[in-house]
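Taking it in order: structure first as structure tokens, then the write-up.
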Amino acid sequence: MSLVLKKGMERSLERIFESALKKIGVPEGIPVRFETPQNEAHGDLSTNIAMLIAKDLKRSPRDIAKEIVDYVRGEDGELKSVEIAGPGFINVMFRNDYITGQLQELLSHGTEYGKGESNKGQRINLEWVSANPTGHLHAGHGRQACLGQAIANLLDWTGAEVTREYYFNNAGNQMTNLAKSVRVRYLQQLGEPIELDEDGYRGMEIVEIAKEMVREFGESKREESLAFFQSFGEKKNFRHIRSTLERLGIHHDIFFNENSLYESGAIERTISEFKARGLAYEKDGALWLRLSEMGQNEDRVIVKSSGEPTYRLPDICYHRDKLSRGYDDIIDIFGADHIATIADVLAALKSLGYDTERIKVILHQMVTFVSGKELIKFSKRSGEAYSLDELIDDVGADAAKFFFNMRASGSHLEFDVELAREQSEKNPVYYVQYAHARIASIVRFAAQEGIAFSIPDKTEEGNTDLSVLEHPEELRLIKVLIRFPQVIERSAAALAPHHVCEYLREVAAQFHRFYQECRIVGGPKHLEIPRLLLAMATKRVIANGCAVLGVTAPESM
RNA sequence: GCGCCCGUAGCUCAGAUGGAUAGAGCAACAGCCUUCUAAGCUGUGGGUCGCUGGUUCGAGUCCAGCCGGGCGCGCCA
């Protein structure tokens, strides 16, 4: 986290603590870090700095802490308390008016609240989904699709200029299989006794494509070339993939066709370069890359004896292309099943002299779909895949996006379709959305009751005094809300949207607690509008957090 | 055999650069609606953080070795 974007209090505390360290003779350059304790008895912010430097100073942590605290107490009147606790923690508590001041700040930022600048000026390329147009997206693709969408949004929110990219291959073996499969299905439609190859695509979408061909062309394409079937199938599949992504609100700026790497000569150039550097050699009629000399386990074929490159070579060229476009960061999202190629590609790029530090790879684990206790099985052989469209039909786009982002990408995800579909308190999506709808309803009710108020703006002139909010549940709620910018910051830095899901649940839970304890409309007159504004701030944070996940925040449910 | 990921409550999972009494949801049990959405809230029970060593004032977190699960290891992508 850069200094620039830390909220005022934390930054000024760091400064004060650092000058305290200087005063007691600690060499400069040791940063003071604060964390938000999970236990509220430990204050609003806490630091373990005294324990960290105790060894070097050869003094007890509590001793050091005492000296720091004495200094800090003299410096800052903004704090309610500064205390030493446990083995040497220093816990600080904010004054209530500071906390309500932060609420004012939140309200004045509106839809912008939570946006930061930690990635300001960064041009970042994010590549994800990247499924070849050999069929429809299946439910498992949903994780990557939704993960990438949320990550792209997080990067946006932290000020990056994001290019969203989809890499696909419409040539090679897979597409030939598609062509053959479409052809067989088409001929079957025309009554010919012909069967799919062993590695043919068995999905029902191929049958649908064949039926469409019959409707459109009748029997006239019986003798057509494979190229025709391929292009027809590709077009239909791609249109379908894009419509599925559209249902999730996912858009890409660039669809990068692997084929363009051949057309531009990039493949040839890279081959010559490998050869010129002595990194490639011929064996058994194929061209091999000396990966074993680049720190990898074994050499791999990059050009088959048939003359066609294996996928590794275009993958390498594709990354060269992205590197040449001058991005500050290049992020790839892959499923765990693609793990094998990544190290090879990076090693090859490094051997060509590229700085691969700029390339970040997110590997997400696989998804298991269950319905209650029952496992939903996928069978590629039979073509009985659970499609992403079906999943969206079953649970809705919002639930899909929330569920796919609920877990850390490195963790295996169990997606309970029955739970996601359920419109009850068990379902975390509804729990969060319900809080938002509930607030919307309260605001409507307030308007109906003739309560007039305005959202505070930055002028601070004529704004409602929020410092009357003193109830523990009110203050707890505000403290949760004003953490939002840091949550976005941290999630973006870790490329981990699941933190946002966790946080939103926390916000919703604290709002419900506040709602339970503090009557808004019809409560104490002088608290009516401040509480209403607190509710609106909550609504804002939920809406903004949902926006990051691409989830809607409904006005009523 | 090799590489990567995972192992935390009955289940699904969080645990910020190593810190305070390890958390949440669900499930179980006991309560709370003449008043702003009960799709909500409160309380109770539930753990040798896979095992064994090591580093450290301090380890769920770092290191090593095992055990268990997942994904890979092709002239497929």
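All values below were derived from every heavy atom in this structure, side-chain atoms included, with hydrogens, water molecules and symmetry-related copies excluded. Chain identifiers are assigned alphabetically (A, B, ...) following the order of the sequence lines, protein sequences preceding nucleic acid strands; residue numbering begins at 1 within each chain.
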[X] side chain: which of [options] is closest?
{"X": "A/K304", "options": "B/rG72, B/rA77, B/rU37", "result": "B/rA77"}
{"X": "A/Y311", "options": "B/rC36, B/rA77, B/rC41", "result": "B/rA77"}
{"X": "A/S556", "options": "B/rU37, B/rC73, B/rA14", "result": "B/rU37"}
{"X": "A/A286", "options": "B/rG25, B/rC75, B/rC36", "result": "B/rC75"}
{"X": "A/N132", "options": "B/rC4, B/rA77, B/rC75", "result": "B/rA77"}

Please report the distance, rounded to the nearest Å, between [atom1] in [X] and [atom2] in [N].
{"X": "A/L477", "N": "B/rG40", "atom1": "CG", "atom2": "C1'", "value": "15 Å"}
{"X": "A/D337", "N": "B/rC71", "atom1": "CG", "atom2": "C1'", "value": "7 Å"}
{"X": "A/L363", "N": "B/rC73", "atom1": "CG", "atom2": "P", "value": "14 Å"}
{"X": "A/E282", "N": "B/rC75", "atom1": "CD", "atom2": "C1'", "value": "13 Å"}
{"X": "A/F511", "N": "B/rC36", "atom1": "CZ", "atom2": "P", "value": "13 Å"}
{"X": "A/Q174", "N": "B/rC75", "atom1": "CD", "atom2": "P", "value": "16 Å"}
{"X": "A/N297", "N": "B/rG1", "atom1": "CG", "atom2": "P", "value": "15 Å"}
{"X": "A/D344", "N": "B/rG3", "atom1": "CG", "atom2": "C1'", "value": "11 Å"}

Separation of the [atom1] atoms in [N] and [M], to the nearest angstrom:
{"N": "B/rU44", "M": "B/rU37", "atom1": "C1'", "result": "28 Å"}
{"N": "B/rC51", "M": "B/rA9", "atom1": "P", "result": "11 Å"}
{"N": "B/rC26", "M": "B/rU34", "atom1": "C1'", "result": "33 Å"}
{"N": "B/rG3", "M": "B/rG60", "atom1": "C1'", "result": "25 Å"}
{"N": "B/rA27", "M": "B/rG45", "atom1": "C1'", "result": "13 Å"}
{"N": "B/rG47", "M": "B/rG23", "atom1": "P", "result": "13 Å"}
{"N": "B/rC67", "M": "B/rU52", "atom1": "C1'", "result": "10 Å"}
{"N": "B/rG69", "M": "B/rG46", "atom1": "P", "result": "31 Å"}

Scan the side chains in residues 168-175 of chain A for donor-acceptor partners under 3.5 Å anywhere in the protein, sequence neighbours excluded, and list what turns up.
residue : atom : partner : partner atom : Å
A/N169  : OD1  : A/A171  : N            : 2.7
A/N169  : ND2  : A/A171  : O            : 3.1
A/N169  : ND2  : A/E258  : OE1          : 3.3
A/N170  : OD1  : A/N257  : ND2          : 3.3
A/N170  : ND2  : A/E234  : OE2          : 3.1
A/Q174  : OE1  : A/N132  : ND2          : 2.9

Short heteroatom pairs, N/O only, protein and nucleotides 27-35 of chain B, under 3.5 Å:
residue : atom : partner : partner atom : Å
B/rU35  : O2'  : A/R519  : NH2          : 3.1
B/rU35  : O2   : A/R519  : NH1          : 3.4

Could you run down the sub-3.5 Å N/O contacts of the protein with nucleotides 16-18 of chain B?
residue : atom : partner : partner atom : Å
B/rA16  : O4'  : A/R490  : NH1          : 3.3
B/rA16  : N6   : A/T36   : O            : 2.6

### Task
Only counting residues at least two apart or in another chain, list the ones meeting ring pair (Phe, Tyr, Trp, His ring centres under 6.0 Å) with A/H141.
A/H138
### Task
With sequence neighbours excluded, tell me which residues meet ring pair (Phe, Tyr, Trp, His ring centres under 6.0 Å) with A/F255.
A/Y166, A/F238, A/H252
### Task
Runs of at least three consecutive Watson-Crick or G-U pairs, both distances under 3.5 Å, are what I'm after; which ones involve RNA chain B?
B:1-7 with B:67-73, B:10-13 with B:23-26, B:28-32 with B:40-44, B:50-54 with B:62-66
If the cut-off is 4.0 Å, is [X] near the phosphate of [N], judged by side-chain N/O to OP1 or OP2?
{"X": "A/H498", "N": "B/rG15", "value": "yes"}
{"X": "A/H499", "N": "B/rG15", "value": "yes"}
{"X": "A/R505", "N": "B/rG25", "value": "no"}
{"X": "A/K55", "N": "B/rU56", "value": "no"}

Short N/O separations, protein against nucleotides 42-44 of chain B, under 3.5 angstrom:
residue : atom : partner : partner atom : Å
B/rU42  : OP1  : A/R513  : NE           : 2.7

Would you please name every residue forming a salt bridge (charged side-chain N to carboxylate O under 4.0 Å, His left out) with [X], sequence neighbours left out?
{"X": "A/E502", "result": "none"}
{"X": "A/D416", "result": "none"}
{"X": "A/R513", "result": "none"}

### Under 3.5 Å side-chain donor-acceptor pair for A/R320 and A/T270
yes
### Task
Consider only side-chain N and O atoms of A/Y386 and A/D394, and report whether a donor and an acceptor are under 3.5 Å apart.
yes
### A/E473 vs A/Q510 side-chain heavy atoms within contact, under 4.5 Å
yes
#### Entry: Side chain to side chain, A/D315 and A/Y167, heavy atoms closer than 4.5 Å
yes
## Note on the structure
Ranking A/S409 and A/E258 by the position along RNA chain B of their nearest nucleotide, the one closer to 5' is A/S409
### Message
Output one letter per nucleotide in nucleotides 5-13 of chain B: B when a protein non-hydrogen atom lies under 4.0 Å from the base, S when only the sugar-phosphate is that close, - when neither is.
### Response
SS-----BS
### Query
How would you label the contact of A/C518 with the nucleic acid (heavy atoms, under 4.0 Å): base, sugar-phosphate, or nothing?
base
### Task
Please list all pairs passing the ring pair (Phe, Tyr, Trp, His ring centres under 6.0 Å) test where one or both residues lie in residues 511-534 of chain A, with sequence neighbours left out.
A/Y431-A/H512, A/Y434-A/H512, A/F511-A/F514
### Query
Just by distance, do the side chain of A/D398 and the backbone of A/T552 share a donor-acceptor pair under 3.5 Å?
yes
### Message
Closer than 4.0 angstrom, basic N to acidic O: yes or no for A/E67 and A/R59?
### Response
yes
